[in-house]
Amino acid sequence: MLPTKCTKNTSVSQGVKTCCILAICIHPDAIQWFTASINAVTDERKAESAAELARLDAEIQEIVERKAEEERLRKLEEAKQTAEEVIRNPSQAAQTIDASSCNVSGKRTDASQPSVLVNKKHCVQPLSYTPSDLVTVNGATISAKAADDFQALFLAAQAAGQTVSVTSSYRSYSTQTATYNYWVSISGAAGADEYSARPGYSEHQTGFAVDFANSDGSCSLNCFGTTSQYAWLQDNAATYGFIQRYYAGKENVTGYMAEEWHYRYVGPPVALDMKTKDILTLEEYWGLPGGGY
Ligand SMILES: [Zn+2]
């Protein structure tokens with residue numbers, strides 16, 4: 001096909017119409033070949049440019065990610081130093097609560113009993129409470145009042161081929177302070193309240209809470225809910241006086257997101273009664289307030 005501008009200035013050679021410019025007549029195949037060559041070179045350059053741009057994009061992305069990682073590590077290091085300082089000197093811990101008004105109902109305040117209620121409206125009293133009867137059983141540091149039942153649960157799970165491990169149990173006020181302050185330094189107070197109990201508000205401080213994982217600890221926290229060990233606990237924990245403390249759908253009642261791994265010792269009578277009545281939270285079972293701070 002000839003360019004339209006050639007229509008008036010053409011000659012016929014061997015039966016083929018050619019395009020003539022300044023007395024030079026070019027065979028249409030040559031024009032086609034030339035155009036195709038130019039197009040091919042242009043496409044190649046375009047592809048090269050696109051590849052170069054993609055490479056630059058990837059390089060920029062890598063730099064951005066490295067900077068973000070450096071910033072994250074810097075914050076972690078800062079938080080670690082803050083936490084270490086708090087552990088060395090607990091009195092320096094940020095006062096996040098008013099100890100005199102942190103138990104809204106004034107009920108179930110005895111932190112040494114499995115009947116204690118601890119949630120965002122009921123702190124551990126006194127705030128710096130430490131159980132006097134802590135023992136360590138199968139990796140769990142817990143109140144002696146829960147020890148026999150915990151041991152029985154552990155052995156029954158093992159016998160059923162559903163061996164569990166413990167990732168966290170008793171935590172002191174100062175450990176909780178350090179944990180909480182760590183999250184404050186990472187996410188601010190509002191963010192910290194989503195992930196961590198404020199010091200004095202954690203069931204772990206009573207020695208009645210245990211965080212479970214699968215046998216080798218490789219599946220903990222959010223992963224644990226998917227395990228056969230979790231299913232076994234759902235069926236059997238109540239027999240030994242333990243309940244899953246934070247269920248999905250009960251966030252407004254407990255004040256916490258679902259935690260399939262966190263179990264609380266309340267004693268077999270209460271745990272079994274809750275199971276029979278299909279009541280999932282201590283707040284509802286005891287008719288006491290929960291939810292946010
Ligand atoms: Zn826990």
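Counting starts at 1 for both ligands and their atoms, in listed order.
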Next on the checklist: Evaluate His262 against His204 for side chain to side chain contact (heavy atoms under 4.5 Å, CB included), listing each step before the verdict.
Outcome noted: CA-CA 10 Å; His262 178 108; His204 285 280; 3.2 Å; yes
Checklist entry - What's the verdict on salt bridge (charged side-chain N to carboxylate O under 4.0 Å, His left out) for Lys250 and Glu284, showing C-alpha distance, side-chain angles and the deciding distance? => result CA-CA 10 Å; Lys250 292 292 180 184; Glu284 289 166 305; 2.9 Å; yes
Checklist entry - Among side-chain atoms of Thr177 and Asn181, is any donor-acceptor pair under 3.5 angstrom? => result no
Checklist entry - Looking at residues at least two apart in the chain, or sitting in another chain, which of them share a ring pair (Phe, Tyr, Trp, His ring centres under 6.0 Å) with Tyr240? => result none
Checklist entry - How about the Zn ion (ligand 1), which protein N, O or S atoms come within less than 2.8 Å? => result His204 NE2, Asp211 OD1, Asp211 OD2, His262 ND1
Item to check | Side chain to side chain, Phe224 and Gln229, heavy atoms closer than 4.5 Å | outcome: yes
Checklist entry - In terms of ring plane angle, is the pair Tyr246 and Tyr256 parallel, tilted or perpendicular, where the classes change at 30° and 60°? => result tilted
